[in-house]
Amino acid sequence: MRFMVLVKATAQSESGQMPEDPSAFVEMGKFNEEMVKGGVLLAGEGLHPTSKGKRIRFSGSQRTVIDGPFTETKELIAGFWIIQVKSLDEAVEWMKRCPNPHPGQESEIEIRQVFEAEDFGDLQEKIPEVFETEKKLREQIEKK
């Protein structure tokens, strides 16, 4: 099972401030190394603040580009990991070992399961060409 672990943003991360204490980077590096050695880490990165980003709003056939920053800090993401483990419980156990993503502040991470082909059940039988194309695309991505 794959999970995306979302590190929620704070006012500090949204302002673009890096942690002042370099030990925060050292501790997070050690945690990432543990996940690599444990064979669970597939990807993980921090994100620039939303002031450097954009959103695209979809309304029918219309597309509207909205410049950052975005206001609801508690709804924003400062970084992520993608991990592969056997269960949600295992994902929770790994993330409980994570150093505080925002040292000196209250922090929160969210764990969400990534959909796999088997999660779509009967839909695969109704539109097999879509799932076959998706499988081929994933294979191409893995080759790069």
Side-chain angles (χ1 to χ4, degrees), residues 1-59 63-66 68-144:
M1 301 174 113
R2 290 179 300 153
F3 291 88
M4 177 171 262
V5 180
L6 306 166
V7 178
K8 299 294 187 113
T10 63
Q12 182 179 351
S13 68
E14 269 302 290
S15 72
Q17 281 184 283
M18 294 291 174
E20 292 178 19
D21 184 355
S23 68
F25 290 100
V26 172
E27 291 304 310
M28 193 59 75
K30 287 179 183 176
F31 177 64
N32 288 336
E33 189 175 349
E34 277 183 57
M35 289 195 295
V36 168
K37 286 179 179 176
V40 302
L41 184 63
L42 300 177
E45 305 294 338
L47 300 174
H48 281 271
T50 62
S51 60
K52 294 183 176 184
K54 296 185 183 287
R55 288 183 177 169
I56 300 175
R57 178 171 288 135
F58 294 80
S59 181
R63 305 296 185 263
T64 305
V65 177
I66 304 161
F70 309 118
T71 56
E72 285 295 320
T73 303
K74 67 181 180 177
E75 300 299 324
L76 301 176
I77 305 301
F80 69 93
W81 289 282
I82 297 178
I83 62 173
Q84 187 159 13
V85 293
K86 293 182 176 109
S87 66
L88 176 57
D89 289 340
E90 185 179 352
V92 168
E93 288 307 311
W94 272 103
M95 290 304 123
K96 284 169 50 178
R97 294 163 49 187
C98 177
N100 185 339
H102 302 289
Q105 302 178 53
E106 194 168 290
S107 299
E108 188 173 294
I109 62 173
E110 181 177 330
I111 304 170
R112 305 268 305 271
Q113 188 173 350
V114 175
F115 275 106
E116 305 288 350
E118 56 270 11
D119 295 326
F120 292 95
D122 293 345
L123 197 53
Q124 290 185 75
E125 295 169 14
K126 293 178 182 173
I127 50 172
E129 65 280 358
V130 171
F131 287 91
E132 188 58 35
T133 298
E134 181 71 20
K135 180 181 175 188
K136 288 177 184 175
L137 290 172
R138 289 184 186 280
E139 289 169 356
Q140 287 177 17
I141 291 168
E142 288 179 17
K143 287 179 184 177
K144 289 188 176 187

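Counting begins at 1 with the first residue of the sequence. Excluded from the calculations below are hydrogen atoms, water molecules and symmetry mates; all remaining heavy atoms, backbone and side chain alike, are included.
Taken from CG in Leu76 to CG in Leu47, the straight-line distance is 10.5 Å, to the nearest 0.5 Å. Taken from CG in Leu137 to CD in Glu132, the straight-line distance is 10.5 Å, to the nearest 0.5 Å. Rounding to the nearest 0.5 Å gives a distance of 4.0 Å between CD of Glu33 and NZ of Lys37. Remark: Glu14 CD to Thr71 OG1 distance equals 10.0 Å, nearest 0.5 Å. The distance from the NZ atom of Lys143 to the CD atom of Gln140 is 7.0 Å, given to the nearest 0.5 Å. Atom CG in Asp122 sits 11.5 Å away from atom CD1 in Ile127 (nearest 0.5 Å).
Using a 4.5 Å heavy-atom cutoff, the side chains of Met1 and Glu116 are not in contact. Looking at Leu88 and Gln113, their side chains never come closer than 4.5 Å, going by heavy atoms from C-beta outward. Val92 places a side-chain heavy atom less than 4.5 Å from the side chain of Lys96.
Closest heavy-atom contact between Phe31 and Met95: CZ-CE, 3.9 Å. When all heavy atoms of Ile109 and Pro101 are compared, the pair lying nearest together is CG2-CG, 3.9 Å. The nearest pair of heavy atoms linking Met4 to Val114 is N-CG2, 3.9 Å. Heavy atoms only, all atoms of each residue included: Val65 and Ile56 are closest at CG2-CG1, 4.4 Å. For the pair Gln124 and Ala117, the tightest heavy-atom approach, listed with the atom from each and the gap, is NE2-O, 2.8 Å. Nearest heavy atom pair, residue Val7 against residue Trp81, reads CG2-CZ3, 3.7 Å.
When atom types are taken as modelled, the side chain of Thr50 and the backbone of Gly53 share no donor-acceptor pair closer than 3.5 angstrom. A donor-acceptor pair under 3.5 Å links the side-chain atoms of Thr10 to the main chain of Ser13, judged by distance alone. Between the side chain of Ser107 and the backbone N or O of His102, at least one donor-acceptor pair lies under 3.5 Å.
The number of heavy-atom neighbours closer than 6.0 Å to CD of Glu139, taken from other residues, nucleotides and ligands shown, is above 12. Other residues, nucleotides and ligands contribute only 12 or fewer heavy atoms inside 6.0 Å of the CD atom of Glu45. The number of heavy atoms from other shown groups lying within 6.0 Å of CZ (Arg57) does not exceed 12. Counting non-hydrogen atoms of neighbouring residues, nucleotides and ligands closer than 6.0 angstrom, the CZ atom of Phe115 reaches no more than 12 such neighbours.
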Worksheet entry | ring-ring contact (aromatic ring centres under 6.0 Å, His included) evaluation trace for Trp94 with Phe3 | CA-CA 11 Å; Trp94 272 103; Phe3 291 88; over 10 Å; no
Worksheet item: Under the side chain to side chain contact (heavy atoms under 4.5 Å, CB included) criterion, do Lys8 and Ile77 qualify, and how do the steps go?
Response: CA-CA 5 Å; Lys8 299 294 187 113; Ile77 305 301; 4.1 Å; yes
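Checking Ser23 against Asp21 by side-chain atom types alone, a donor-acceptor pair falls below 3.5 Å.
Taking 4.0 Å as the cut-off between side-chain N and carboxylate O, Arg138 and Glu134 count as a salt-bridged pair. At a threshold of 4.0 Å, the pair Lys30-Glu34 does not count as salt-bridged, since none of the basic side-chain nitrogens sits closer than that to a carboxylate oxygen.
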